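Side chains included, hydrogens not; waters and symmetry mates left out as well; all remaining heavy atoms used. Order of the sequence lines fixes the chain letters, A, B, ..., with proteins taken first and strands second; residue numbering starts at 1 for each chain. All values reported here derive from a predicted model rather than from experimental measurement.
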Amino acid sequence: MADATEPTASADTESKTPASVVESTELENKPQTAEITSTSMVDAAEPTASVETESKPPASAAESTEPENKSQTVEIKRWADVVDDEEQPSGTASSSEDKIAEELKVDKLTIDDAQKINKFLDDPEDSRIQAVTSGDTPYTSASTFEDLNLSPELLKGLYVEMKFQKPSKIQAISLPMILTPPYKDLIAQAHNGSGKTTCFVLGMLSRVDPNVKRPQALCICPTRELSIQNLEVLQKMGKYTGISSECAVPMESGNSDRSRSRPPIFAQVVIGTPGTIKRLMSQKKLSVIDMKVLVFDEADHMLAKDGFQDDSLRIMKDIERLNARCQILLFSATFDETVKNFVSRIVKKDHNQLFVKKEELSLDSVKQYKVYCPDEMVKILVIKDRILELGENLGQTIIFVNTKRSAGMLHKALVDLGYEVTTIHGALTHEDRDKIVKEFKDGLTQVLISTDLLARGFDQQQVNLVINYDLPVKYETPSEPHYEVYLHRIGRAGRFGRKGAVFNFVMSERDAMIMEKIDKYFGTQVKAVPSWNSEEDFKIALKEAGLL
DNA sequence: AAAAAAC
């Protein structure tokens with residue numbers, strides 16, 4: 001197990017973002033001014049956070065300095081974690097505040113500071129999130145959940161159920177923007193594992209009027225699995241609020257009731273996939289008249305041309321027609337330039353935005369490697385002799401492939417060799433998919449082969465190893481890497497700042513080129529494992545990654 | 001000719 005590193009994150013600083021304005025359209029995301037007032041930066045960071053689907057983790061926590069402690073806090077978990085309990089903080093030093101202060105003066109953008117501070121505290125190169133706010137609404141980043149005026153029931157859910165202690169960086173920055181009237185739209189990018197889910201889940205829960213027994217918050221996700229996972233987080237966090245919620249995903253294909261039609265939805269919060277939501281709306285089984293918040297998780301994909309753009313826009317327009325002021329929240333770890341431009345045009349003019357430069361998007365806690373494999377047979381041998389043998393004690397592993405066929409073939413090859421692995425892809429029945437995911441989440445299976453079905457958002461903290469059996473490439477131009485998918489895949493390891501390793505299998509000259517392009521794009525230098533045939537080389541790599 | 005979603 002690796003260590004549990006606990007991330008921490010935190011943003012502590014409070015920065016206020018002044019407004020900078022901007023029209024989004026024109027300035028892409030260049031933030032404009034923002035100053036930061038850093039008020040206090042005080043504490044070291046500790047984040048706690050959330051569960052999310054993705055984001056960057058921070059690392060370590062240090063806690064010694066903790067100023068306040070709430071009595072209600074139960075255990076401390078750090079960055080996002082929900083589940084895990086291992087934890088051990090590492091100490092980061094509370095670094096001298098002066099240093100921090102010094103840095104602070106320098107900055108320009110808001111959230112940047114938060115990161116700088118954090119940098120000193122824990123994670124060495126942390127990411128900077130650039131914020132661009134519109135209008136003159138001032139926002140102060142939240143150093144504690146109390147700063148957010150959440151209901152006591154919701155706070156209890158955060159501390160008792162989620163075991164969060166304080167907001168992670170993205171939470172500290174985005175929550176005030178989400179919860180402060182006037183409720184502006186938000187486009188938010190944050191690292192894998194940093195706690196984005198908590199941001200929009202809290203946003204949905206806190207904006208629901210408990211007295212109105214009709215749907216008031218809707219969250220659209222790219223897969224059935226992610227919808228279910230997000231609903232579970234919401235139900236846990238909102239346990240004491242009494243707010244009702246429901247999943248709107250395709251019904252069990254169970255033989256028995258296909259005929260029985262789905263009943264109308266009255267839950268106050270609805271989370272689901274685009275097709276089902278669209279259908280429910282057209283059948284008038286999902287009323288959007290009281291909708292206050294519309295969330296798109298993995299928003300870049302949901303609004304991409306080759307993603308769910310049509311369904312997403314349709315849903316968005318149907319809601320806005322009845323409710324022009326419905327707040328739209330877009331979250332993802334990735335937003336390529338094209339999508340970024342597109343989404344900033346479809347949200348309201350006075351929206352706020354948070355972005356992270358692509359060069360700062362890779363998680364430092366997750367070490368990336370490439371392994372030259374002469375042919376397909378070698379790839380299987382590497383999986384068998386290196387990964388399955390060595391990896392057993394390292395936590396769980398996800399092996400990504402590009403096609404369902406590839407998934408099936410690899411699965412068969414490994415099973416024939418006597419290994420226990422499970423495989424998931426969209427051609428399986430919903431029941432089988434649910435079962436495979438549950439077994440993996442329960443830790444009953446160690447190695448999971450998957451298509452990009454699980455590339456995004458899947459949150460299983462025990463995953464320390466990710467294998468790109470096939471490198472992700474663009475469908476239209478297979479010689480080009482699919483940068484976003486790559487980032488999402490590797491983000492399945494290193495949740496919340498934990499350590500992890502990624503092995504990219506490079507079989508052809510084309511693959512080598514793809515890895516080069518990936519390095520260039522993200523500003524990384526993925527190291528090569530000298531020989532696929534050397535157990536020692538893999539051990540060194542894993543040791544370097546902190547897994548051995 | 002893919003991944004997923006779903007009619």
task = Using atom CZ of A:R489 as one end and atom P of B:dA4 as the other, report the distance to the nearest whole Å.
result = 11 Å
Nucleotide B:dA3, atom C1' - distance to NE2 of A:H482 in whole Å = 10 Å
task = Quickly work out the A:E476 CD to B:dA3 P distance and round it to whole Å.
result = 14 Å
ask   = Rounded to whole angstrom units, what separation is found between the CG atom of A:L454 and the C1' atom of B:dA5?
value = 15 Å
Residue A:F308, side-chain atoms from C-beta onward, closest of B:dA2, B:dA5, B:dA3 = B:dA5
ask   = Less than 4.0 Å between a side-chain N and a carboxylate O, is that true for A:D310 and A:R314?
value = no
query = At under 4.0 Å between heavy atoms, what does A:R433 touch on the DNA or RNA strands: base, sugar-phosphate, or nothing?
reply = sugar-phosphate
task = Measure from the side chain of A:T273, starting at C-beta and using heavy atoms only, and say which of B:dA4, B:dA6, B:dA1 lies closest.
result = B:dA6
inquiry  = For the CD atom of A:Q368 and the CG atom of A:D519, what is their distance to the nearest 0.5 Å?
reply    = 7.5 Å
ask   = Thinking salt bridges, do A:D297 and A:R456 make one under a 4.0 Å N-O criterion?
value = no
ask   = Taking NZ, NE, NH1 and NH2 as the nitrogens, is one of them in A:K412 or A:D416 under 4.0 Å from a carboxylate oxygen of the other?
value = yes
inquiry  = Looking at the base of B:dA5, is there any donor atom on it, or on the side chain of A:H430, that sits under 3.5 Å from an acceptor on the other one?
reply    = no
request  = Return no unless some side-chain N or O of A:K404 is found under 4.0 Å from OP1 or OP2 of B:dA4.
outcome  = yes
query = To the nearest Å, how far apart are A:N402 CG and B:dA4 C1'?
reply = 14 Å
request  = First locate atom OG of A:S332, then atom CD of A:E484, and finally report the distance between them rounded to the nearest 0.5 Å.
outcome  = 8.5 Å
query = Is a side-chain donor or acceptor of A:N323 paired with a backbone partner of A:I319 at a separation under 3.5 angstrom?
reply = no
key: Interface with DNA chain B, restricted to residues 217-224 of chain A and to heavy atoms under 4.0 Å   = A:P222, A:T223, A:R224
ask   = Rounded to the Å, how far apart are A:Y475 OH and B:dA4 P?
value = 14 Å
query = Given atom CG of A:D452 and atom P of B:dA3, what is their separation to the nearest angstrom?
reply = 9 Å
key: Nearest-Å distance for atom pair CD1/C1', residues A:I315 and B:dA6   = 12 Å
query = Which residue pairs pass the side-chain hydrogen bond (donor to acceptor under 3.5 Å, both in side chains) test when at least one of the two sits in residues 399-410 of chain A, sequence neighbours left out?
reply = A:N402-A:R489, A:S406-A:D470
task = Select base, sugar-phosphate, or nothing to describe what A:D311 touches, counting heavy atoms under 4.0 Å on all strands.
result = nothing
task = With heavy atoms under 4.0 Å as the rule, sort A:H425 into base, sugar-phosphate or nothing.
result = sugar-phosphate
inquiry  = By the 4.0 Å heavy-atom rule, please label A:D470 as base, sugar-phosphate, or nothing.
reply    = nothing
ask   = Picking from B:dA2, B:dA5, B:dA6, which would you name as closest to the side chain of A:E225?
value = B:dA5
